[in-house]
Each structure stands twice: as structure tokens, then as C-alpha cells.
Engineer: 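Quick one: this structure, given as C-alpha cells, is what I'll be asking you about.
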Amino acid sequence: MVTVKNTYYVTTPLYYVNAKPHIGSAYTTLAADIIARFQRLKGKKVFFLTGTDEHGEKISKAAEEKGKQPKEFLDELVPFYTDYWKKLNISYDGFIRTTDLMHEKAVIKFFKKVYENGDIYLGEYEGYYCVPCETYYSETQLQGEKNCPSCGKKTQLMREQSYFFKLSKYEQALLGYIESTDFVLPESRKNEIVNFIKQGLQDLSISRTSIKWGIPVPMDKSHVIYVWFDALLNYITGIGYGSNSKQFKSIWPADVHLMGKEIVRFHAVIWPAMLLAAGLDLPKKVFGHGWLTVEGEKMSKSKGNFIDPIEVTEKYSVDAFRYFLFREIPFGSDGDYSEKALVQRINSELADGLGNLLNRTVVMVEKYFEGKIPHAVNISKQDKELRDFTLKKSEETDKLIEALEFHRALSSIWEIINASNKYINDQKPWELAKADKKEELGNVLASLSESLRITSILLAPFIPETSEKIQKQLGIEVKKFDEAFKWNLIQKGTKTGKAEILFRKVELEKAGKEKKEKEST
RNA sequence: AGCGGGGUGGGGCAGCCAGGAGUGCCCGUCGGGCUCAUAACCCGAAGGUCAAAGGUUCAAAUCCUUUCCCCGCUACCA
């Protein structure tokens with residue numbers, strides 16, 4: 001008998017605090033939130049970890065420019081992130097900063113352990129160094145005549161002492177593991193990683209003497225630990241490695257690490273190698289999602305086309321934003337954020353599809369049954385069809401969310417909504433009312449209330465506020481996802497709440513004008 | 001160069017891994033129905049040789065080969 005682990009551990013990468021959160025980091029974090037909320041509803045004890053990466057030269061330089069100590073500088077910036085996640089309804093359980101004392105201590109412990117095991121050694125690092133940028137670049141990153149890719153100035157070939165991690169030692173172990181499992185997802189990412197490893201792994205330089213802002217190497221204080229080596233460890237230090245081993249053991253290994261595709265390599269190659277070196281279990285999945293473009297264009301500093309998610313959510317709503325991102329873009333593929341597409345989805349799917357369905361249902365319960373949801377009796381063929389269809393789609397949705405196929409899950413939920421709207425048109429409850437066929441009318445409204453109840457559960461991970469609003473209007477409260485697999489759970493005579501507009505329709509022209517006005521002020 | 005991803009009705013996308021009548025979603029166009037509802041909802045129609053060619057198969061958008069066109073990745077800034 002296999003015992004099912006009742007915990008679920010999901011992470012986002014740690015965000016580098018030298019800039020505001022943008023739509024990319026919001027996208028990853030929202031995805032993690034969907035997973036966390038889903039698993040909680042499924043009854044799992046969830047730990048959802050996010051946080052900030054605070055070491056490295058870019059931070060110290062940014063702080064210096066402001067005339068501040070790094071720590072002081074960071075303390076001012078971090079609340080910006082935590083507030084941000086609050087505004088997006090991110091339900092994280094832990095927020096780790098790599099400057100947390102607990103983290104730093106645990107990193108040192110980990111470093112020592114791997115050193116003692118013989119997988120860290122002192123060597124010499126050689127690379128192209130840009131003096132003004134104080135940064136090493138690989139040969140392939142250089143522009144033209146060995147010029148720095150960021151400032152364009154000529155780089156110099158430099159050498160310095162460095163501690164190395166024996167990444168090469170784990171080449172075969174990693175390759176075997178990755179090739180034979182679905183550790184790296186989606187599959188296209190897995191292929192990239194497999195090919196990368198097949199080209200051969202070099203040992204990784206994991207210390208710097210040129211940088212001061214970081215965690216010192218325990219056996220040699222003139223070195224600072226390379227930021228990635230430090231940052232990746234958050235996934236274990238954030239749940240108690242080195243400080244609370246009981247908690248750590250109950251949560252580790254991670255069920256899924258989420259990230260953008262650009263850093264899959266760090267998570268699928270370096271990170272598992274580090275864990276192997278320390279004799280720890282490997283995470284179950286590493287998922288690299290795609291990149292977002294904005295209005296068809298890549299986001300870039302020069303174009304200045306960064307989207308501030310908070311502006312979007314203030315203009316529309318958090319749920320509209322959450323819905324749009326995960327309905328529009330297949331999770332794992334690249335996708336485009338455009339205001340036009342967002343408005344279209346709001347209008348046709350959230351307002352006309354879902355909102356209107358709820359409204360017409362609740363209004364009819366009010367009008368025909370004094371706001372008390374009737375019970376079904378002697379249900380018809382059509383009632384059964386709606387029930388069976390809804391339950392089928394509900395189970396399908398469950399599987400799709402589990403598989404992180406969010407856009408398909410939402411599509412599946414909207415099939416229920418569309419079927420329900422069609423069902424109303426076919427059943428013509430207004431005619432039943434006129435003909436005073438109370439029993440049949442009751443069946444129709446009972447069925448609709450049930451399909452909406454189930455819809456509200458299925459939507460809860462994605463658009464939690466909306467889900468609650470639906471339940472409030474139906475006069476119900478849902479605690480478990482499993483209730484979406486059963487019919488007729490609404491108590492007879494349940495009093496509906498006030499019928500309110502769930503999503504208002506938006507006119508794009510008007511919205512565009514408001515934006516311009518806002519910009520000009 | 002190597003490796004990977006993509007090219008699907010007017011626009012934007014799913015579907016492809018586990019082949020089965022071009023199946024679906026959002027928008028747009030045209031026509032109809034309905035009035036409970038957020039000028040919402042429902043039905044129907046026009047529109048595609050599923051990039052091109054070849055192959056496997058009873059059957060290919062889906063598998064294989066080749067070609068053309070787009071886009072990524074090729075590590076130690078994060």
C-alpha cells in the first residue's frame with residue numbers, strides 16, 4: 001500500500017529585488033498561487049514559498065548609488081514585493097529573504113557539508129571581465145571584439161581563485177534521472193536540458209573574491225558564495241533545513257518548482273546536482289513556463305513597455321487579470337498580453353458568459369421562489385444531461401489542474417457555463433412560470449444552482465474572489481474541492497443572497513481614453 | 001553551426017505526444033430565435049487543399065522524411 005503524502009510544497013523562484021515586480025514575476029507567482037489554492041481545497045497541507053534574492057553585486061551597486069547600506073536599501077524594497085503579492089491575492093505560506101539569518105546559517109552549513117564530502121574544491125576561474133560592470137561574461141555572451149554585452153566596452157581575460165562545485169561528477173546521474181522521468185516539464189524544456197547535459201557539464205565556479213555583498217565562504221572569508229548557489233538553497237532553508245529539521249522532513253521534497261523558462265537550467269541541472277551532493281531527495285517537478293510579450297512585442301527597457309500588473313488590476317480587477325493570463329496562454333508556452341484581448345475575455349466570458357448566467361439564475365430564484373433555492377423532484381432527461389455533463393467536466397477540470405494545464409481547465413469550466421446557458425434557453429423557465437408549472441420550474445432552477453455551485457468550486461483556485469461572490473449570491477459556502485463531484489448538495493430552501501453584477505462589461509475605447517488621461521496627469 | 005519550438009477558416013488560439021469525417025474556443029461577418037438576464041442568452045450560415053512535397057496506414061492537422069519561412073536556447077549578471 002502506497003501512502004499518499006498529505007503535504008504539498010510549491011515554490012516560485014526568489015525574485016531579484018533590484019527592480020519592481022513585473023508581469024513576468026506576477027505570472028509565475030500567480031501560477032503557484034493557483035496550484036496552492038487547488039491543493040488546499042483538495043485537502044493537502046500546502047506550503048507555498050516565495051521570496052527575494054538579495055545578494056550579488058547588482059544589489060550592492062544599486063544600494064551604493066542611493067548612498068545606502070545594502071541591508072537598509074533592501075529593507076525598503078522588500079515590502080514593495082509583499083504588498084504586491086497581497087494585492088494579487090497571493091496566498092503564500094512562507095516568504096524568504098536570502099539575507100535572513102536563518103538562511104545564511106543554513107547555506108553555510110550546506111556549503112561545509114558538500115565541501116567535506118569532497119564536491120567543492122579550490123581552483124582558478126578564468127573569464128572575460130568587464131571592469132566598469134564588474135562582471136564576468138562567458139565567451140558566447142560577448143559582443144563583437146570581446147566586448148561587454150551590457151556596456152559595450154572591451155573586456156579583459158582575467159583569472160581569480162575560486163571554489164568550484166563538482167557539477168561534472170553528476171552528469172550521468174542527472175542525465176539518467178531527467179531522461180527517464182518527467183522531472184522537467186514541459187517536455188520541450190526537458191529535451192533542451194537533456195541536450196545541454198549531453199554536451200558535457202563543467203564544474204561550476206561558486207565563489208567570488210571580487211564581490212563583497214554575499215554569504216562568506218566558511219573556510220575562506222575572502223570569498224563570497226555565488227548568488228545562484230546561495231539563492232537556490234532557499235527551497236530547503238525556507239522550510240527549515242538547518243533550523244527546523246522536523247518541519248523540513250515533513251515538507252521536503254518539493255512537489256513542484258515553478259519558474260520562467262530562462263532559468264530552468266539552474267533548477268534542472270545545478271540544483272539537483274547540489275542536492276545529490278548533500279544526499280538530499282530531489283524535487284518531483286521543475287516546470288518552466290513561457291515568456292510573455294506585451295501587445296505582440298518583447299518587453300524591454302528600451303521600449304519601456306513593461307506592464308505593471310497592479311495598474312491592470314486596479315483598472316479591471318484582480319480576478320479578470322488572473323483569469324485572462326491563464327485562459328489565454330497555454331501554461332508552458334509563450335503568450336501575449338494585450339489589453340484588447342483582456343477586455344474581450346472580460347466581456348464575453350466573465351461578464352456575458354459567467355456573470356450573466358449567475359444573474360439570470362439568482363434573479364429567477366428570487367422572482368419565482370422568493371429567493372429560496374428549490375429542490376429537484378422527478379427530474380427530466382435534460383436535467384440529467386446537464387448533471388452528467390457538469391460532473392464529467394468537473395472531473396476533467398480536476399485532472400487538468402493537477403496536470404498544470406490551466407488553459408484547458410478553464411476551457412473545460414466554460415463548457416459547463418455554456419451548457420448551462422443553453423439549458424436555460426431550451427427549458428424556457430419563463431414559460432414554465434407563466435404556465436404555473438412549479439415543479440418543472442423548480443427542477444430547472446435547482447439544476448442551474450447546482451451547476452453554478454460546482455463552477456464556483458472549480459474556479460476557486462483561479463479567481464478566488466469571484467468564486468466567493470458566486471457562493472455568496474447562491475447562499476452557500478464550499479470547503480472542499482470534492483463537493484464539485486457531487487450533485488444536489490444545496491440544502492432545500494437555501495436563501496440566495498442579493499443578485500449583483502459579477503463583472504461589468506468594459507468598453508475598450510473608453511478604457512483607452514482613461515489610460516491616456518491618467519498618463520497625461 | 002548544433003539543438004529545440006512554431007507555421008490550423010478574416011484576426012487570435014487550442015487540438016498533435018497516445019492517428020479515425022477539419023473537431024473546438026475567443027473575436028469578426030451574415031441570417032434567425034428568445035425575453036429570465038449585464039443590449040445579455042440560444043440556433044443556423046458563409047469562410048480553411050490544417051506552410052509545401054513525399055512516405056507509412058483501411059484512415060494523417062496528428063506518425064516518418066525532405067524543403068521553405070518565423071522564433072528561442074547554446075551556462076557561471078540575475
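Throughout, a chain's letter reflects where its sequence line sits, starting with A, and its residues are numbered from 1.
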Engineer: B/G44 pairs with which nucleotide, Watson-Crick or G-U wobble, both distances below 3.5 Å?
Structural biologist: B/C30
Engineer: Among the candidates B/C42, B/U35, B/A37, find the nucleotide nearest to the side-chain atoms of A/E431.
Structural biologist: B/U35
Engineer: Let me know, please, whether A/L357 or A/E349 comes out on the 5' side of the other along RNA chain B by nearest nucleotide.
Structural biologist: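 Between the two, 5'-proximity favours A/E349.
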Engineer: From the list B/U38, B/A78, B/C36, which nucleotide is the closest neighbour of the side chain of A/M364?
Structural biologist: B/C36
Engineer: Can you tell me, in whole Å, how much space there is between the C1' of B/U8 and that of B/A61?
Structural biologist: 7 Å
Engineer: Between A/Q344 and A/K505, which has a closest nucleotide on RNA chain B that is more 5'?
Structural biologist: A/Q344
Engineer: Specify the closest pair of heavy atoms between A/Y226 and A/S205, including all atoms of both residues, with the distance to one decimal.
Structural biologist: CD2-O, 3.7 Å
Engineer: Taking the C1' atom in each of B/G48 and B/C42, what is the distance between them to the nearest angstrom?
Structural biologist: 26 Å
Engineer: If we call it a pair only when both distances are under 3.5 Å in a Watson-Crick or G-U wobble match, what pairs with B/A14?
Structural biologist: B/U23
Engineer: I'd like to know if the side chain of A/T29 pairs up with that of A/Y15 as donor and acceptor (distance under 3.5 Å, no hydrogens or angles considered).
Structural biologist: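 Note: A/T29 and A/Y15 side chains meet the donor-acceptor criterion.
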Engineer: Which whole-number value in Å describes the distance from A/W414 CH2 to B/C26 C1'?
Structural biologist: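 Spelled out: CH2 on A/W414 to C1' on B/C26 is 12 Å.
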Engineer: Let's see if you can work this out: which of B/C25, B/C36, B/C41 has an atom nearest to the side-chain heavy atoms of A/V363?
Structural biologist: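 The nucleotide sitting nearest to the side chain is B/C36.
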Engineer: According to ring pair (Phe, Tyr, Trp, His ring centres under 6.0 Å), who are the partners of A/W430, at least two apart in sequence or on a separate chain?
Structural biologist: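 For A/W430 there are no ring pair (Phe, Tyr, Trp, His ring centres under 6.0 Å) partners, ignoring immediate neighbours.
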Engineer: Across the strands shown, which category fits A/K428 at heavy-atom distances under 4.0 angstrom: base, sugar-phosphate, nothing?
Structural biologist: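 Contact class for A/K428: none.
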